[in-house]
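Notes follow the structure.
Note on naming: letters A, B, ... go to the chains in the order of the sequence lines (proteins, then strands), and numbering restarts at 1 for each one.
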Amino acid sequence: MAKLVPLADGIAELVRDGDTVALEGFTHLIPFAAGHEIIRQGRRDLTLVRMTPDVVYDQLIGAGCARRLVFSWGGNPGVGSLHRFRDAVQNSWPGPLELEEHSHAGMANRYVAGASGLPFAVLRGYTGTDLPRHTTNIRSIDCPFTGETLTAVPALNPDVTVVHAQRADRAGNVQMWGITGVQKEAVLAARRSLVTVEEIVDELTPVAGQVVLPGWAVTAVAHVPGGAHPSYAHGYSVRDNAFYVAWDEISRDRDTFQEWIARHVRDAEVQA
Amino acid sequence: MAKLVPLADGIAELVRDGDTVALEGFTHLIPFAAGHEIIRQGRRDLTLVRMTPDVVYDQLIGAGCARRLVFSWGGNPGVGSLHRFRDAVQNSWPGPLELEEHSHAGMANRYVAGASGLPFAVLRGYTGTDLPRHTTNIRSIDCPFTGETLTAVPALNPDVTVVHAQRADRAGNVQMWGITGVQKEAVLAARRSLVTVEEIVDELTPVAGQVVLPGWAVTAVAHVPGGAHPSYAHGYSVRDNAFYVAWDEISRDRDTFQEWIARHVRDAEVQA
Amino acid sequence: MSEQYTADEMMTVAAARQLRAGTACFVGIGLPSTAANLARATHAPGLVLIYESGCLGAKPDRLPLSIGDGVLADTADAVISVPEVFNYWLQPGRIDVGFLGAAQLDRYGNINTTVIGGEYTDPKVRLPGAGGAPEIAASCGEVVVIVRQSRRTFTERVDFVTSVGYGGGPGDRARLGLRGGGPRTVITDLGVLEADPDSCELTLTRLHPGVTVERVREATGWPLAVADELSTGEPPTAEELAVLRALEATMRTAA
Amino acid sequence: MSEQYTADEMMTVAAARQLRAGTACFVGIGLPSTAANLARATHAPGLVLIYESGCLGAKPDRLPLSIGDGVLADTADAVISVPEVFNYWLQPGRIDVGFLGAAQLDRYGNINTTVIGGEYTDPKVRLPGAGGAPEIAASCGEVVVIVRQSRRTFTERVDFVTSVGYGGGPGDRARLGLRGGGPRTVITDLGVLEADPDSCELTLTRLHPGVTVERVREATGWPLAVADELSTGEPPTAEELAVLRALEATMRTAA
């Protein structure tokens, strides 16, 4: 059964310096509060894994938590570039950022292999692109029946995956709905997992489109209402699109970014 | 968009002599009425594919529709043997039945590969068993990253898959819920598909646990209330366990079986 | 304590006692499902039942009549697709205990549920086949086999290896790359056999009350290993019997 | 007909006109989503919109602000996982039309959205990267590229091949095993380019009203092929403009 823990304790216990960490959530249900707690606790040398390094990874990268990024699309959705990500890649600020770059199909399948206890996944992907030239983690494989050549990618098995969900019950069973992305796979692929939730309830009433993660497959659950802001939790909040737009300005300049992190993350009043 | 058709027309158009046919449904939602229509129309030389050749395939085999069976568990669930299946294998009655035998994990992954447009699937399976000795459709494959040896099975791509579902709307969008087994994969893996449904509605209201197949991914839909009997449709009917028990007696003897098929299938009053 | 009970009831109760709360258990219909539900209704309320139809954490209030019984979907924590059961839950080793039956079983716990006698293509008896068993046997933390004991079933050599136990003996599971622990325990209507940690051979470690070693030997088609410290199991308690019979009554009512 | 409109509006309208009812279309946020929703609201109400966030058959009544906008999940025929989008829907070739943007594009429709200038490990400009594009480009029945035309974007050689068009020319897609049709059409703010069926080279086939061939040549970083029968597209109709502007207004309100 998943333990119910305060967010700070969950991060302290489950996310360690040097870990491979996946914060997933596809536009919806992005675990921003957990990302901020990682910054507050000053984690270092993380390998950050995520299909779409959104503003949450821009913040972690700019705050100096990351050594390496494994990803498939690094932008501010609907707005433009991630300036901290770009500054790290182009100017090694605040430090160098090693990249391992994939396509969405490749990343999704890497999580699927990880969740399935397989060492690799097979897909029709990457062929003819320049992506395989920059990592040994994209290889070819021949079908043992037809002889056709396909692409193989290795399983992703993060040390810890963090996701946000709408609800959990007291046994740590987690329920999410709306766009649920690759979260089930990311949690099941990980050695440890932390789920932040909008609400803890006595009983999970069924919802159409729900994904349920049984408590015995989750390490810890933290009650963090609003923990996806500026992303959203379907049925609880709406996406703060204005913040995503504002982030473009905040993040463009190193000083402005650092002031924002100091005020809104490092020195922020945090619930116990 | 899927066409709405009478069952007889759907079978006449989509199921042809010599076809590879999958009727799926895992205990729940087994398309019995469609199976009976295949018998009535006298299809021959079918390769029948199904994880659990239940009573429905016992009937098709006994009625002489099948030349070959691809499966992973051939029993009368909770009751015992499938006598027509056994008689075909042990005594070639009413004709010889070629077998290709897998495990559930292998069959499920063969459908997944078929639905995914891949020629094969990889799993940890079959190792050390005698199953690979009897088919060339179970082979080994090495992970291009770790060197570990795993098992490969080829994709299943039936000529036609038939499933039963609770509801469809007039555009042929199909909705099923409860235990949904491998039906989505079986439909998506097939070249053509027919879905029989309990009800045609103006609008599909969301249901927890639903699987929705968009009408543009389905070939035809037929309105066949009760079309899963003696299996069941969650929310519409309950499993006729007494029939499954009675089938043991009906099917044990060739003559009793043939009388039953004559009376209840071949000469049955069928809705238009 | 002194109530009358059948050998099958003793077998089911012994199987239920193997299961501990907080573990996840892959159950098939029949004796495994009865035993698992008995455990959940008595000493192991937190036992997580997983049915291959896709029901994770099913909590049926009656015995399901098939692995696709609606009561399983209605009471499950999550209902998932069949590919997901095998790929995301069984294969990675998330399931602690797998329950299997057997038509034939050898001293290394290799199981046959496929064909008996004759050639594979022309068998004397055609059985249902593999189902989920090969991968349950491969991947669960441990396997518990429930099977009535007789010379026909407990054979020197199985006619077909449907599910691998310890193969030909020590080291074979590792050589084959099977990651689960294998058949640690075989529960029969006569007693309990456990795989010897060194030889991997199934060894009689416990007799059900009133059963003699001689009787178990007679029901075994190979020279049976018997533990030095052979114990006798407790008969079913009044509560175990009452709950078991109430569960079985729900099955008759529903059918 | 004689209303004022911008070059971007013309581009969006031209893209929308490419889409036919009854086809399934993989759309990203921005111009593709606007064009697809314009098509659905005008001549192609039966157009099936697929967003990589997992929304199949989304029918938003306003423009979504991200591919994970709640309005997409609320109005979709089905919401599925991201692995399922790529494995069950895109990869097997179920999707007729894929819409892509580009930071750089060459004459064979090869697309760069990864890095510009410098080395890959030390680029002048780091772009977002691949996302779903490589497999959209590989597997959709055909690809429509929407991109503003300039020498910076329409380059002799892309700095990084993120998504393959026709590779180095005829036969390359087949050699690479890419099963979709590739970039048949490129719609820009100046006109429409189509891949020549023989040479695979992007060829100017249509100008937007008021645009000259000379202007398109100047905005192209390679010697541009021009069709013998060069047509001029219709300007946006009053209805197209009204619907487009109403859609874009919903975006401003929501943000």
Side-chain angles (χ1 to χ4, degrees), chain A residues 25-29 51-52 71-78 81-82 85-86 88-90 98-99 101-109 111-112 123-131 133-134 148-150 177-185 209 211 231-232 234-235 238-239 241-242 244-245, chain D residues 29-30 51-55 64-70 72-74 78-87 90-92 110 112-115 118 120-135 137-139 160-164 167 172-173 175-179 254-255:
Chain A
F26 210 81
T27 310
H28 176 219
L29 290 176
M51 291 183 66
T52 56
F71 77 111
S72 42
W73 192 85
N76 181 342
S81 292
L82 293 175
F85 162 66
R86 281 177 71 154
V89 175
Q90 297 173 202
E98 215 180 293
L99 296 187
E101 192 162 359
H102 288 270
S103 66
H104 277 355
M107 283 292 282
N109 277 293
Y111 280 123
V112 168
L123 73 156
R124 297 183 183 282
Y126 299 97
T127 318
T129 75
D130 284 338
L131 289 162
R133 294 172 50 200
H134 300 282
E148 194 181 354
T149 301
L150 297 123
W177 64 90
I179 289 164
T180 53
V182 76
Q183 283 100 299
K184 178 189 274 190
E185 289 76 12
V211 165
S231 169
Y232 72 108
H234 206 120
V238 293
R239 191 168 186 265
N241 294 300
Y244 276 88
V245 172
Chain D
I29 284 303
Y51 288 82
E52 68 190 5
S53 54
C55 300
L65 291 152
S66 72
I67 51 158
D69 196 308
L72 299 176
D74 280 337
V79 182
I80 58 178
S81 75
V82 165
E84 189 184 323
V85 173
F86 288 100
N87 291 346
L90 179 62
Q91 183 167 268
N110 301 300
N112 175 17
T113 56
T114 303
V115 284
Y120 170 77
T121 49
D122 184 20
K124 193 154 148 280
V125 182
R126 175 65 230 196
L127 301 166
E135 287 79 24
S139 298
F160 190 102
V161 179
T162 312
S163 304
V164 179
D172 263 15
R173 286 189 69 87
R175 262 191 296 282
L176 292 168
L178 306 176
R179 307 202 295 179

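- Here the side chains of A:Y126 and D:P134 are not in contact, with every heavy-atom distance at 4.5 Å or above.
- For A:Y111, no part lies under 4.5 angstrom from a heavy atom of chain D.
- Here the side chains of D:R126 and A:L99 are in contact, with some heavy-atom distance below 4.5 Å.
- Ranked by heavy-atom pairs under 4.5 Å with chain A, the first of D:G129, D:A133, D:S66 is D:S66.
- For the pair A:L123 and D:Q91, the minimum side-chain heavy-atom distance is below 4.5 Å.
- Heavy-atom minimum distance, D:A130 versus A:W73: C-CD1, 4.3 Å.
- The candidate from A:S81, A:A105, A:G78, A:G235 with the greatest count of non-hydrogen atom pairs under 4.5 Å with chain D is A:A105.
- Partners of A:D130 according to the salt bridge (Lys or Arg N to Asp or Glu O under 4.0 Å) rule, which considers only residues two or more places apart in sequence or in another chain, are A:R133.
- Of the listed residues A:A108, A:S72, A:S231, A:G75, the one with more heavy-atom pairs under 4.5 angstrom with chain D than any other is A:S72.
- Taking each heavy atom of A:R239 and D:L65 in turn, the nearest pair found is NH1-O, 4.3 Å.
- Using a 4.5 Å heavy-atom cutoff, the side chains of D:F160 and A:H134 are in contact.
- Using a 4.5 Å cut-off between heavy atoms, D:L90 does not touch chain A at all.
- When side chains are defined from C-beta on, A:H234 counts as touching D:D74, because their heavy atoms get closer than 4.5 Å.
- Between chain D and the options A:R124, A:R86, A:H28, heavy-atom pairs under 4.5 Å are most frequent for A:R124.
- Of the two parts of A:M51, only the side chain, counted from C-beta on, holds a non-hydrogen atom closer than 4.5 Å to a non-hydrogen atom of chain D.
- Counting heavy-atom pairs closer than 4.5 Å to chain D, the top residue among A:L131, A:T180, A:V211 is A:L131.
- Heavy-atom minimum distance, A:H104 versus D:G132: CD2-N, 3.3 Å.
- Proximity to chain A (any heavy atom under 4.5 Å) is restricted, for D:N87, to the side chain, taken from C-beta onward.
- Here D:G70 is the residue among D:G70, D:S139, D:G54, D:G177 with the most heavy-atom pairs under 4.5 Å with chain A.
- Among D:T121, D:D122, D:V125, the residue with the largest count of heavy-atom pairs under 4.5 Å with chain A is D:V125.
- The contact between A:F85 and chain D is made entirely by side chain atoms (from C-beta outward), counting heavy-atom distances below 4.5 Å.
- Contact between A:I179 and D:A73 at its shortest, heavy atoms only, is CG1-CB, 4.0 Å.
- For D:T162, the part lying under 4.5 angstrom from a heavy atom of chain A is the backbone only.
- The part of A:V112 that comes within reach of chain D is its side chain, from C-beta onward, which places non-hydrogen atoms under 4.5 angstrom from that chain.
- Between A:T127 and D:V164, the closest heavy-atom pair is O-CG2, 3.4 Å.
- Atom CG in D:L176 sits 11.5 Å away from atom OG1 in A:T149 (nearest 0.5 Å).
- Counting heavy-atom pairs closer than 4.5 Å to chain A, the top-ranked of the candidates D:A78, D:G30, D:G131 is D:G131.
- For chain A, no part of D:R175 is nearby; none of its heavy atoms comes within less than 4.5 Å.
- Using a 4.5 Å cut-off between heavy atoms, A:Q90 contacts chain D through both its backbone and its side chain.
- Contacts of D:V115 with chain A are absent, with no heavy-atom separation under 4.5 Å from either backbone or side chain.
- For chain A, no part of D:E84 is nearby; none of its heavy atoms comes within less than 4.5 Å.
- Between A:E185 and D:S81, the shortest heavy-atom distance links the atoms OE2-OG, 4.4 Å.
- Using a 4.5 Å heavy-atom threshold, the side chains of A:P77 and D:I67 count as separate.
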